[in-house]
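The next block holds one structure in the form of structure tokens; read it before the comments.
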Amino acid sequence: MSAPPTPDWLADFQHRFGAVLREPLDRATGTLTARVVRYAPDAVREIRDAANASAAARLAVYNRQYWFRLFSVLQTAYPLTTHLLGAWRFNAYAQAFLNAHPPRTWTLDDVPEGFDDALPALLGDDPARALLTDAARLDAHWRVLFHAPDVTPFRPGAAEAARLPDSRLVLSPRVRLWCERHALLALRPQLRADRETPHAAPPAHAAPAWFALLAEPHGIRAVPLEPREGALLTLLARHPVRDALAQLEAETPAAERAALPAQTQRWLAQSVARGFWVGLADTPPNPTLTE
Amino acid sequence: MSPIPRDTLGLALRPRHYPDFFARPTAVDYVEVISENFLGPAPLPRERLLRARAKGPVVLHGVGLNLLGHAPLDEAYLDALCRLADLIDAPFVTDHLCWTGAHGLSHHDLLPVPFVPELVALAAERAAYVQRRLGRPFGVENLSSYVDFTRSTMTEWEFVAAVVREADCGLLLDVNNVFVSSRNHGFDPLDYLRAMDFSRVLQVHVAGHSREPDGTLVDTHDHPVTDDVWALYARAWELGGPFPTLLEWDEKIPPLDEVLAVLARARTMREGLSTPRSPSNPSAEDRVRISFTNPTHDAKNPTLR
């Protein structure tokens with residue numbers, strides 16, 4: 001079979017139709033409404049009026065479907081954030097995000113990518129900005145861990161042990177280090193089906209709480225860490241081991257430094273045993289891996 | 001690969017039903033999954049897919065092929081789809097006769113095109129190419145649609161039948177989609193069914209739909225199958241049965257038992273209905289042996305895209 005050419009008009013037709021789909025929905029009336037008057041006349045003229053609906057009204061079905069599907073994808077990917085904001089406010093931020101970052105790949109899994117980075121600017125001076133930013137980051141960790149591939153944990157031999165002081169440990173894609181100021185992890189399993197009513201803010205911790213989030217065969221598990229342990233693991237993921245230990249020591253009050261060598265030895269060994277690392281690297285780290 | 005017997009019932013398997021589905025003896029003859037949910041590297045979905053496969057045949061149903069996008073088909077996507085189909089030895093793979101993105105953007109919807117001969121040629125060439133790449137039967141599904149283009153010069157059923165014939169590929173005939181489009185555009189759904197070559201039907205989908213305030217029907221898969229759609233299904237069975245039948249339910253999904261009860265209606269209503277036995281509509285026994293021309297793995301051939 002010879003390859004037929006793609007018709008000249010197809011790209012233009014799909015450009016016009018795509019613009020209709022992405023036309024933002026109007027929130028002014030308290031419901032999400034298609035703004036059919038903003039559809040390009042050329043796009044509307046391509047459609048026949050139906051017996052019960054105008055051409056523009058029929059196009060609006062696709063316009064609404066586009067947004068509602070993507071809102072649903074983002075709400076599912078960011079459940080904590082959705083519940084703390086309530087679906088109505090969440091959708092406003094989602095629409096702003098998607099206007100700036102329309103989906104570009106065939107997988108819906110990519111649609112939420114970057115919403116957590118964009119949210120702080122979208123929130124402006126919202127008094128709950130810190131809490132909502134943390135919630136979005138935790139949701140993002142959950143999503144990334146769910147999709148993390150299987151990896152072989154790092155089990156250092158003699159050669160790696162010798163390289164260790166001057167190398168950086170590479171955090172496993174199946175692990176995220178998480179430090180929270182509010183009890184967001186505890187809230188996550190308590191979320192109700194109702195997304196419309198904003199959930200009350202969770203209580204603040206007396207001091208920041210550290211966890212390792214682990215992708216396991218049947219779900220994601222949060223392992224509590226001691227605060228200095230969390231700080232150590234974060235430093236180890238960002239700097240060569242020698243520099244990380246030096247920085248931790250510098251940050252530790254003098255009265256507690258005597259115990260530090262034994263503690264760091266234990267935490268490091270424990271992290272290796274738990275499969276937190278996948279190897280050694282001499283390159284700079286990926287800053288998104290740790291808080 | 002083993003074909004699916006014609007007189008079988010299948011379920012679109014969704015995560016909502018995983019616990020019950022995996023905990024019980026298999027209650028359906030086969031399941032269908034959304035291809036894109038298993039193309040990524042995440043181990044958990046893959047593990048669940050293999051568990052489903054261990055219980056019976058699994059067919060793949062895609063929503064991201066973008067068969068009628070203006071841009072060439074995505075070879076990386078096709079590579080991943082071929083690997084997935086091989087992994088589970090899918091009896092067949094299907095996607096939609098539509099476009100889903102353009103100009104570097106993905107709209108994540110099943111979007112219609114004008115029904116014109118030049119798009120028959122494009123869709124048929126691409127569908128044939130996908131089938132060769134897969135090395136197994138590939139079928140295209142008819143859409144529910146809400147718009148009717150002034151540019152169209154053919155009916156939808158002429159368009160669908162021509163694509164399937166010219167591609168020498170399979171058809172996933174969704175009778176709910178036929179019904180929804182017939183109401184939205186004012187045509188007789190029986191005209192549609194009569195134009196289909198049932199010897200090419202890989203399976204028939206049934207599903208529920210919703211009604212907008214202005215009367216437009218929307219393919220939402222969030223309700224039970226309506227009596228009207230079951231009646232149309234019965235006519236399809238009389239025109240071209242037997243064929244594998246699969247129920248889709250994607251929103252407001254009830255418990256598995258309720259879904260299976262809806263699906264069982266297909267078997268109940270088929271009892272007493274006749275099926276045709278003619279050269280153009282082969283018997284159940286013949287249909288098991290249906291295959292399409294030379295469905296072997298081809299190396300990528302960019303000149304064919």
Side-chain angles (χ1 to χ4, degrees), chain A residues 1-22 45-55 57-62 64-66 69-70 72-73 102-111 145-150 173-174 215-220, chain B residues 36-37 39-45 47 62-66 68-72 74 77 99-109 111-114 116 118-122 124-126 128-129 145-152 166-167 184-186 212 214-216 218 251 303-305:
Chain A
M1 188 184 300
S2 62
T6 303
D8 291 338
W9 52 268
L10 189 60
D12 289 340
F13 159 78
Q14 292 180 343
H15 176 77
R16 288 190 294 274
F17 203 104
V20 167
L21 297 179
R22 297 194 309 280
R45 273 196 295 272
E46 290 180 299
I47 311 296
R48 291 192 178 99
D49 287 331
N52 61 333
S54 67
R58 284 296 176 83
L59 278 171
V61 175
Y62 292 98
R64 287 192 297 270
Q65 280 193 166
Y66 173 82
R69 175 172 290 109
L70 296 182
S72 174
V73 169
R104 294 186 178 277
T105 69
W106 51 262
T107 174
L108 284 168
D109 293 337
D110 289 345
V111 171
L145 287 170
F146 180 81
H147 292 101
D150 275 329
R174 298 182 66 76
E216 297 194 330
H218 297 290
I220 294 163
Chain B
E36 287 76 8
N37 291 348
L39 292 178
L44 190 54
E47 184 261 337
V63 293
L65 179 60
N66 199 14
L68 278 166
H70 71 86
D74 181 339
Y77 172 89
W99 63 289
T100 57
H103 302 284
L105 300 180
S106 180
H107 304 316
H108 295 289
D109 201 354
L111 301 170
V113 292
V116 293
E118 54 194 329
L119 290 187
V120 170
L122 182 67
E125 181 275 333
R126 286 181 173 177
Y129 174 71
S145 71
Y146 317 114
V147 291
D148 181 12
F149 294 104
T150 54
R151 190 188 287 266
S152 292
E166 291 191 21
N184 288 341
H185 305 312
E212 298 276 282
D214 67 4
T216 304
V218 181
E251 296 289 339
T303 63
L304 288 179
R305 287 178 287 122

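Throughout, protein chains are lettered first and strands after them, A, B, ... in sequence-line order, and every chain is numbered starting at 1. Here the structure is a predicted model, which is why all the values come from computation and not from measurement.
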Could you look at [X] and say if it's the side chain, the backbone, both or neither that has a heavy atom under 4.5 Å from chain B?
X: A/Ala11; answer: both
X: A/Pro7; answer: both
X: A/Val73; answer: neither

Against chain A, label B/Val63 side chain, backbone, both or neither, depending on which of its atoms sit under 4.5 Å from a heavy atom there.
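Looking at B/Val63, nothing touches chain A.
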Quick check on B/Thr100 against chain A: is it the side chain, the backbone, both or neither that has a heavy atom closer than 4.5 Å?
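For B/Thr100, there is no contact with chain A at all, as no heavy atom is under 4.5 Å.
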Looking at side-chain heavy atoms only, is the closest gap between [X] and [Y] below 4.5 Å?
X: A/Asp150; Y: B/Pro43; result: yes
X: A/Leu21; Y: B/Leu111; result: yes
X: B/Leu119; Y: A/Leu10; result: yes
X: B/His70; Y: A/Trp9; result: no
X: A/Arg69; Y: B/His107; result: no
X: A/Gln14; Y: B/Trp99; result: yes
X: B/Val147; Y: A/Leu59; result: yes

Strictly distance-based, threshold 3.5 Å: is any side-chain N or O of [X] a donor or acceptor partner for the main-chain N or O of [Y]?
X: B/Glu47; Y: A/His218; value: no
X: A/His15; Y: B/His103; value: no
X: A/Arg48; Y: B/Phe149; value: yes
X: A/Asn52; Y: B/Asp214; value: yes
X: A/Arg58; Y: B/Ser145; value: no
X: B/Glu36; Y: A/Trp106; value: no

Can you tell me how far [atom2] of [Y] sits from [atom1] of [X], rounded to the nearest 0.5 angstrom?
X: B/Glu251; Y: A/Ser72; atom1: CD; atom2: OG; answer: 6.0 Å
X: A/Asp110; Y: B/Ser106; atom1: CG; atom2: OG; answer: 9.5 Å
X: A/Thr105; Y: B/Asp74; atom1: OG1; atom2: CG; answer: 9.5 Å

Is it the case that the side chains of A/Arg45 and B/Thr150 hold a donor-acceptor pair, with the cut-off being a distance below 3.5 Å and no angle test?
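Checked: B/Thr150/A/Arg45 side chains show no N/O donor-acceptor pair below 3.5 Å.
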Give the member of [options] that has the highest number of heavy-atom pairs under 4.5 Å with chain A.
options: B/Asn66, B/Leu65, B/Asn37, B/Leu68; result: B/Leu68
options: B/Gly104, B/Gly64, B/Ala102; result: B/Gly104
options: B/Gly186, B/Gly215, B/Ser152, B/Pro114; result: B/Pro114

How far apart are the C-alpha atoms of A/Thr6 and B/Leu122, what are their side-chain angles, what is the distance that settles it, and do they pass the side chain to side chain contact (heavy atoms under 4.5 Å, CB included) test?
CA-CA 7 Å; A/Thr6 303; B/Leu122 182 67; 4.0 Å; yes
Output the option from A/Val111, A/Leu108, A/Asp49, A/Leu70 having the highest count of non-hydrogen pairs under 4.5 Å with chain B.
A/Leu108
In short, B/Glu212 meets A/Arg64 closest at the heavy-atom pair OE1-NH2, 2.7 Å
State, to 0.1 Å, how close B/Pro112 and A/Phe13 come at their nearest heavy-atom pair, and which atoms those are.
O-CZ, 3.8 Å
Which word best sums up how the rings of B/Tyr146 and A/Tyr62 line up, parallel for under 30°, tilted for 30 to 60°, or perpendicular for over 60°?
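Judged by the thresholds at 30° and 60°, the geometry between B/Tyr146 and A/Tyr62 is tilted.
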Residues passing the salt bridge (charged side-chain N to carboxylate O under 4.0 Å, His left out) test with B/Arg151, sequence neighbours excluded, are none
